[in-house]
Amino acid sequence: MVKMTKSKTFQAYLPSCHRTYSCIHCRAHLANHDELISKSFQGSQGRAYLFNSVVNVGCGPAEERVLLTGLHAVADIYCETCKTTLGWKYEHAFESSQKYKEGKFIIELAHMIKDNGWE
């Protein structure tokens, strides 16, 4: 009897020579450290990081939410591999001082782990 196992296949693999962030639940690559903008954000479950770009995530529908910095249109993002909600994408900022967030991604620390060369 042959046992079939499903191997982990991600949409994108980040280079192993760079420090990366991965999903804590399934280890899918999420972001390269070079894409990190800020470590001083707050998610719904605690601290979060703001990234320029991410990989291996899906995006839900946009909705308006009042966050700590005002009204934004955001879309929840989730891991494409394990479907865990990771944070959100800023689709639109209604206040001019917050426009820099548009098109950027929040990932909560509770859902990611550091990989590749952090030691």
Side-chain angles (χ1 to χ4, degrees):
M1 185 164 126
V2 176
K3 183 178 180 184
M4 300 296 286
T5 59
K6 185 177 179 184
S7 63
K8 291 183 180 178
T9 304
F10 308 136
Q11 291 178 355
Y13 289 87
L14 296 172
S16 59
C17 60
H18 290 97
R19 294 182 294 172
T20 58
Y21 298 92
S22 299
C23 176
I24 198 168
H25 309 285
C26 70
R27 299 302 283 265
H29 293 172
L30 297 175
N32 186 320
H33 183 67
D34 294 341
E35 295 298 316
L36 178 65
I37 298 170
S38 175
K39 295 180 178 182
S40 58
F41 276 73
Q42 188 68 29
S44 59
Q45 298 180 5
R47 290 184 54 217
Y49 288 0
L50 180 69
F51 290 94
N52 239 339
S53 66
V54 295
V55 297
N56 299 318
V57 300
C59 201
E63 62 183 33
E64 291 183 5
R65 291 187 196 154
V66 178
L67 303 174
L68 293 174
T69 54
L71 181 64
H72 295 79
V74 298
D76 286 339
I77 60 170
Y78 57 90
C79 177
E80 280 283 5
T81 304
C82 69
K83 308 304 182 203
T84 300
T85 300
L86 303 168
W88 60 83
K89 178 182 180 183
Y90 287 101
E91 298 287 353
H92 180 70
F94 292 93
E95 296 179 26
S96 58
S97 66
Q98 302 299 308
K99 291 286 187 187
Y100 75 96
K101 296 178 186 175
E102 290 181 348
K104 307 295 190 290
F105 300 85
I106 287 287
I107 299 179
E108 297 179 340
L109 265 60
H111 300 297
M112 66 180 173
I113 189 168
K114 295 175 179 178
D115 274 332
N116 297 336
W118 288 92
E119 285 72 56

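- Under a 3.5 Å cut-off, the side chain of Glu35 and the backbone N or O of Asn52 do not form any donor-acceptor pair.
- Classified by interplanar angle (parallel below 30°, tilted 30° to 60°, perpendicular above 60°), the ring pair Trp88/Tyr90 is perpendicular.
- Cys23 SG to Asp115 CG: the interatomic distance, rounded to the nearest 0.5 Å, is 10.5 Å.
- In this structure, Glu91 contributes its side chain and Ala75 its backbone to no donor-acceptor pair below 3.5 Å.
- Scored by the ring-ring contact (aromatic ring centres under 6.0 Å, His included) test, Phe105 finds no partners at all (sequence neighbours excluded).
- The aromatic rings of His33 and Tyr21 lie tilted to each other, with the angle between the two planes from 30° to 60°.
- Under the 4.5 Å side-chain contact rule for hydrophobic residues, Phe41 and Leu109 do not share a cluster.
- Counting only residues at least two apart or on different chains, the salt bridge (Lys or Arg N to Asp or Glu O under 4.0 Å) pairs with a member in residues 55-71 are Glu63-Arg65, Arg65-Asp76.
- With rounding to the nearest 0.5 angstrom, the CG atom of Leu30 is 8.5 Å from the OG1 atom of Thr20.
- Linking ILVMFWY side-chain heavy atoms closer than 4.5 Å, directly or via other members, places Val74 and Tyr100 in a single hydrophobic cluster.
- Using a 4.5 Å cut-off on side-chain heavy atoms (C-beta onward), Glu80 and Tyr78 make contact.
- Using a 4.5 Å cut-off on side-chain heavy atoms (C-beta onward), His25 and His111 make contact.
- Contact annotation: the side chain of Met112 never approaches that of Leu86 to less than 4.5 Å [non-hydrogen atoms, C-beta and beyond].
- Distance check, rounded to the nearest 0.5 Å: SG of Cys79 to CD1 of Ile24 gives 12.0 Å.
- Across all non-hydrogen atoms, the minimal contact from His72 to Gln98 is NE2-CB, 3.7 Å.
- Note: Lys104 NZ to Leu50 CG = 7.5 Å, rounded to the nearest 0.5 Å.
- Minimum interatomic distance between Gln45 and Glu108 (heavy atoms only, all atoms of both residues): N-OE2, 3.3 Å.
- Between atom CD1 of residue Ile106 and atom CD1 of residue Ile37 there is a gap of 9.0 Å, rounded to the nearest 0.5 Å.
- The two residues Val57 and Val54 have their closest heavy-atom pair at CG2-CG2, 3.4 Å.
- Using a 4.5 Å heavy-atom threshold, the side chains of Lys101 and Thr69 count as touching.
- Of the inter-residue distances, the one linking His29 atom NE2 with Thr81 atom OG1 reads 10.0 Å to the nearest 0.5 angstrom.
- Nearest heavy atom pair, residue Ala73 against residue Phe94, reads N-CE1, 3.8 Å.
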